[in-house]
Each structure stands twice: as C-alpha cells, then as structure tokens.
There are 2 protein chains.
Amino acid sequence: MEKQTITIYDVAREASVSMATVSRVVNGNPNVKPATRKKVLEVIDRLDYRPNAVARGLASKKTTTVGVIIPDVTNIYFSSLARGIDDVATMYKYNIILANSDENGQKELQVLNTLLAKQVDGIIFMGNQISTNMRSEFARSKTPIVLAGSVDSDEEIASVNIDYIAAVEEAVSTLIRHGNKRVAFVTGNMDQPINGLYRLNGYKKALAKAGLPFDEKLVFETEYSYKAGEAIWPEIKATDATAAVVGDDELAIGLLNGAGDDNAKFPDDFEIITSNDSKLTEMSRPKMSSITQPLYDIGAVAMRLLTKLMNKEEIENQTILLPYGIVERGTTK
Amino acid sequence: MEKQTITIYDVAREASVSMATVSRVVNGNPNVKPATRKKVLEVIDRLDYRPNAVARGLASKKTTTVGVIIPDVTNIYFSSLARGIDDVATMYKYNIILANSDENGQKELQVLNTLLAKQVDGIIFMGNQISTNMRSEFARSKTPIVLAGSVDSDEEIASVNIDYIAAVEEAVSTLIRHGNKRVAFVTGNMDQPINGLYRLNGYKKALAKAGLPFDEKLVFETEYSYKAGEAIWPEIKATDATAAVVGDDELAIGLLNGAGDDNAKFPDDFEIITSNDSKLTEMSRPKMSSITQPLYDIGAVAMRLLTKLMNKEEIENQTILLPYGIVERGTTK
DNA sequence: CTGTTAGCGCCTTCAG
DNA sequence: CTGAAGGCGCTAACAG
C-alpha cells in the first residue's frame, strides 16, 4: 500500500528490452533503433513511467538543480534577479533550491552546507558580504559558483554586476550638475564592499571631479528598508544636503515619503536618485529618478554563466558587467 | 582529479567501525555507545565528512525537500508567502525548490512533473486556478500538497487562506458605510474561483445587505499589475463609481496613482480598499486602506501543515482559515 | 544497436 | 550495541 513506484525495470520488462535500452531512450541517446525506441516510448507512456531524478543523480553525479542563496525574497531587488535566474535555469532544465540568508554569515554558511550536501550542480550567491569562511568553503568545494548582483572585491569568484563605481559617480555628477553642492550618500552596511568600497568610491570620484569636498557628515549608513528611509529623513534634513543618492529603492521610497510627509517638495526642495530601478520606482509620487540596471538580466546572465561553468566550458571573463544608465523621473530637476 | 568525495565508508574505516554504525550516529540513532559515537564524530569532523543527501534520498525515499509552485516571485504578495514557507521549511530541515509558473496551466503541469520526478516530499502550490489536469495529477501522486493563499472550491486539497468572502464583504460594507452607493469591484481573472466566486460573492453580499443593486458595469476584470491599475482608471472614472475594492496591491497602487495623476483627490473624490496589506500599502501616498491578512503566516502555516501531512499525522482540518481584518489608512474617509 | 555488469553512497533489516 | 548484506533506481562502461 506504499507509494507504488514503477521503475525503469518495469518498463524494460514490459517492452522486452534491457533497462539499458530504456535508459538510452529516456536520455535521448541516439544509439537506439527507431522501432525499439518507439516501443519503449509506448510502454513508458502506458505505464506512466517517470524517471527517478534522485537515483539518476546518484548514478550520474548530476542533480540538475542549483542552489540560490538570496538575502530575502521579499526584497524586490533580489526577487527580480531570482526571477531571471529561474527562467534561465528552467530553460536549461535545471531547478532551483532557494534559500533565504538574511545576509547573515551564520545562515549563509549553514545554507551553503546543506546545498552542497544536496549535491547541487552549482550555486548562485546573492548578498554582499563574502566572509572568509564562505570564501574558503567556496574554494574547497569544486562546485561552480556565480555571484549575482554581488561583488567580490578580489574578483576570484565569477560574478555578474553593473559597474557600481561608475554608476554612482554618474548619478552624483548628475545631481551636482543640477546645482547641488551638498549631496548625501545614503546606503546600507558600509562593511559590505558594494557600499563601503564601490559606491562610496563612485561618490567620492564625482565629488572630486567637481572640486567638492568629501564630508563624512553626509554619509548615512542604515539598512535596506522602507522604515529606515522614513527614519533617516530628519537626520538628513538636519544637514545642509539638498540631494541624495540612495542605495536601495525601498529605502529611497521611505526617504521620499518621510520627506514628503514633512512637507518637503520634490524635486525643488530636495533631489533623490536611487539605485535599482525596480518597479517600485514607478510606484512612488513623484516617480523616482534612478540608476538603471537590468535586474532580470543580471540574474539571467548569472545563471547562464553558471551553466557554462557547470559544463566546464572555457570562460573568457569571469566578471561580467552589464550596462547601466540613469533615468531621470520626478525626483530630479 | 575529480571532485574527491569522502564517503561514509571512509569514515567507517578511519574510525574502525562499520558503515552501519557511522550511519547511526549521523542519523542520531540512540543505539550507539557514547564512546564509539564520540570516536565517529571526531573522524567525521577531521575528515570533514558531509553525508550525500542524494544517496540518502535514494535509500530512504525521503529527500527533505519540498516543491513550491509560485506564480511569480517578483509579486510581493507571493514572495511574502514564500518567505514564510522557507522559514518554516528551514525550521523543519527541509529545503525548497522554487518554480515560477506565471499561473500558466501548461507550466504548472510541467513544473509539477519535474518536482515529482525529483521526489520532493511535498508540494506547496500558489496560484488560483486548479485545472482538472492538475487535480488529477495531485490525486494520482501520493505526494502531500497544500495550497497557500489559493482556494480549492471543492475543498479536497489542504489549504491555508483567509475567508475571502467575508473579508471582501466587510471591505465593501465599510465603503458603503462611508456613503458610497456605487462601489467598483476591480480584480484579476474572474475565471479563478478566488475572484469570480469568493471575492465576487463577498461583494454581492455586501451590496445585498445594504439593499444596493449589483451592476455588472462596476465589475472590472484585469491583471495583477501596476500598469493595469493605471490603465483602468479612465474606465472607472467613466462610471459613477465613487470607490473601489481592489484584489491586488500593485493593481491598487496603479489605480491610485493613475487617478491621482488625473487629479482625483483621495479619499474625498474616491476611496479604495485593497486586498493584501503587503508592504506596498504603506509606500503609497496616501497610504492604502486594506483588508489585512497575515501573508507571512499563511506561508508559514501552509508549510507547517505540509510537514504534518508528510509525517502522516492525523489532520483535524484540511482547510485552514487565518484571521483577516480591515485597516483604514489614507484611501478611505 | 543492445544486453550485462558494476557500482553511485547510504539506509535498513537481520543476525550476533 | 554493532556488523554484514541487500537493495533504492538509474547510469555507464564494456562486450557482443
């Protein structure tokens, strides 16, 4: 009365061939006479046989599933990447094991281990901190890994991103060109290279290019959330900043609304350029000006790259930079 | 030079015990003398042995992974549920294979099949249409299934939801109490029971209770997207509706902004109550009044229910209804 | 083109 | 409490 599974052996018997032959037709091996192929296919259909992927995985050492470590699916930035990943994965017959990490080193390590235990063929990692532990685990396991929307300052690990430095520099330059002498830099954890290194550098470069001084008081470190954005407005208001580049769209909308609720007028009183151009940017009023980046494509390209790695193809360039841009909507003059 | 895996056998040899014993300690079987357990554990640690989940799955017929079919991770409503699912899954040592279906029957079936091929221990299904094909597949496979935020009008399949009928009825009644005689009903595909049956019924009940006539002209069927919301405003404006209940938050924000851009004032000119109380509702200006429902919990409870099913525990009630409410924010008087 | 034969790495009786 | 032995369902040489 247990879940009665029908195996390759049953098919073989019914079709009067060996299981090897059945295996061949199931795997599309051309070395099968059309007639017997047809016969086997019929039996497969009649018995409603479905190959057991686990057994296959054990025998072939390939599971056709990849692990995806994501900070939080609930964040539109990451879920957009995830969607791209899944679509391309499906295209290449892979499935995705999704695991939320909250960018918590402990959890990331934990998750990485169970993913490896499950013998995933590859891993896509999102999250901006690559801890030393992670790095060594990555190195030790022979499992291919690609970072999506996450930088590895050492460029040892394959990754797909945009040029954060240049993008932020351009965003800040735009703000400066609009007449802002004091531009706030608002983003997440500065320990993460994407913030503390890349984005901050872009910010400083723009300042330098315009002959403007860098002032630590204009740097705001917080978390990526709507609430955090609302909460930080008073602090920004207390400075003489007249504009801000913001590292996350939810954070930016929080800031926008916090300021709006405080009667600030956009873009006259204050200008904002956010970073991810997620669909949230079109939902606010005014709509948000933003650095544009192809979120879906970052995920898609990362997955595509991973398939190549899993396939042991030669890769010319491990770190891919996708094009970015700046779109000016309602929060800039 | 291949990926050098160390197996249970290596551990057994190093610890001078049989692989059966190693298996026992790995699986927490109590029938192992503390001393030998300790010895084995040491070797495991030293060799950095990691049990192969695929082999384990084949031998034990349990993969400790569940499949999650989701319309689109990018939709905040579904990703909120997904987060609840993943957290509880992790809590119970399960992993999640996430697959986007776009609520496309074809894809759903496709995905269901590969999920079953991968021998998932259970499935959580999101998406509002349970096609006949799906239903028969569900029935045929002995794999436990739970619907999350998705109704099965026959109540044959386990599910976790809120009482959509009552919730919409209350929302519409609220609008009527505010003086609106003409309330628009705006939602997604009416072929889906959640819309065409449950929500619509709630809408009609509220109308009936207030002695108001049902008018098909006030029923707007569209898709769950921001754009669709913006696009439908002109149509609604062309009627004499003064308020609307909307089936999805993105759709509602689109409507709100579409109307706002057309100089409609909320809540004086028009009132809106949306349905999901996702974090988007706090991001709009004015903030959106909404039916409240515990998104995260719906996912979490669904996953919890699934663990019971997978564990063959007796279930008292297959269809769980979680509490809902109405929160009035800026889009209602 | 097709069948035979070994495993893949682990769990699970069944003895001892 | 521990070891031996037989699969789980399928792939992958290796013969023919």
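Computed from a predicted model, the values in this text were never measured in an experiment. Letters A, B, ... mirror the listed sequences (proteins, then strands); counts begin at 1.
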Checklist entry - Is the shortest side-chain N/O distance from B:Ser60 to OP1 or OP2 of C:dC10 below 4.0 Å? => result no
Item to check | Touch class at under 4.0 angstrom, heavy-atom based, for A:Val54 against every strand present | outcome: nothing
Checklist entry - Should the pair B:Glu14-B:Arg46 be classified as a salt bridge under the 4.0 Å nitrogen-to-oxygen rule? => result yes
Next on the checklist: With a 6.0 Å cut-off (strictly less than), is the heavy-atom count around CD of B:Glu156, excluding the residue itself, greater than 12?
Outcome noted: yes
Next on the checklist: How many whole angstroms separate atom NZ of B:Lys61 from atom P of D:dC8?
Outcome noted: 8 Å
Checklist outcome for this item: When rounded to whole Å, the NZ to C1' distance for the pair B:Lys38 and D:dC1 reads 18 Å
Checklist entry - Pick the nucleotide of DNA chain D nearest each of A:Ala59 and B:Ala59; which residue has the one closer to the 5' end? => result B:Ala59
Checklist entry - So, is B:Ser18 close to the D:dA4 phosphate, meaning a side-chain N or O under 4.0 Å from OP1 or OP2? => result no
Next on the checklist: So, OP1 or OP2 of C:dG9: does either fall under 4.0 Å of a side-chain N or O from B:Thr5?
Outcome noted: yes
Checklist entry - Between C:dC11, D:dC10, C:dG3, which nucleotide gets closest to the side-chain atoms of A:Thr21? => result C:dG3
Next on the checklist: Whether B:Arg50 and A:Glu137 form a salt bridge (side-chain N of Lys/Arg under 4.0 Å from carboxylate O of Asp/Glu) is what I want to check.
Outcome noted: yes
Checklist entry - Once you round it to whole Å, what is the distance between P of C:dT2 and CZ of A:Arg37? => result 9 Å
Checklist entry - Which part of the nucleic acid, if any, lies within reach of A:Asn31 when heavy atoms closer than 4.0 Å are counted: base, sugar-phosphate only, or nothing? => result base
Checklist entry - Is any side-chain N or O of B:Arg24 under 3.5 Å from a base N or O of D:dG3, one able to act as donor and the other as acceptor? => result yes
Checklist entry - Is B:Asp86 salt-bridged to B:Arg83, going by a charged N under 4.0 Å from an acidic O? => result no
Next on the checklist: Without decimals, in angstroms, what is the distance between B:Arg13 CZ and D:dT2 P?
Outcome noted: 19 Å
Checklist entry - Atom CG of A:Asn29 and atom P of D:dT11: how far apart are they, to the nearest Å? => result 11 Å
Item to check | A:Thr7 side-chain N/O to D:dC8 phosphate OP1/OP2 under 4.0 Å | outcome: no
Item to check | Donor-acceptor contact below 3.5 Å, side chain B:Ser60 vs main chain B:Arg56 | outcome: yes
Checklist entry - Out of D:dA4, D:dC10, C:dG3, which nucleotide sits closest to the side chain of B:Ala20? => result D:dA4
Next on the checklist: Using whole Å, what does the distance between atom C1' of nucleotide C:dC8 and atom CZ of B:Arg56 come to?
Outcome noted: 16 Å
Checklist entry - Nearest-Å distance, CG (A:Asn52) to C1' (C:dC8)? => result 13 Å
Next on the checklist: Any side-chain N or O of B:Tyr9 below 4.0 angstrom from OP1/OP2 of C:dC11?
Outcome noted: no
Checklist entry - So, B:Glu42 and B:Lys39, do they make that salt bridge, N to O below 4.0 Å? => result no
Next on the checklist: Please classify the nucleic acid contact of B:Ser23 as base, sugar-phosphate, or nothing, using heavy-atom distances under 4.0 Å.
Outcome noted: base
Item to check | Distance, rounded to the nearest Å, where B:Met19 contributes CE and D:dG3 contributes C1' | outcome: 11 Å
Item to check | A:Leu58 side chain, from C-beta outward: closest of D:dT11, D:dG3, C:dC8 | outcome: C:dC8
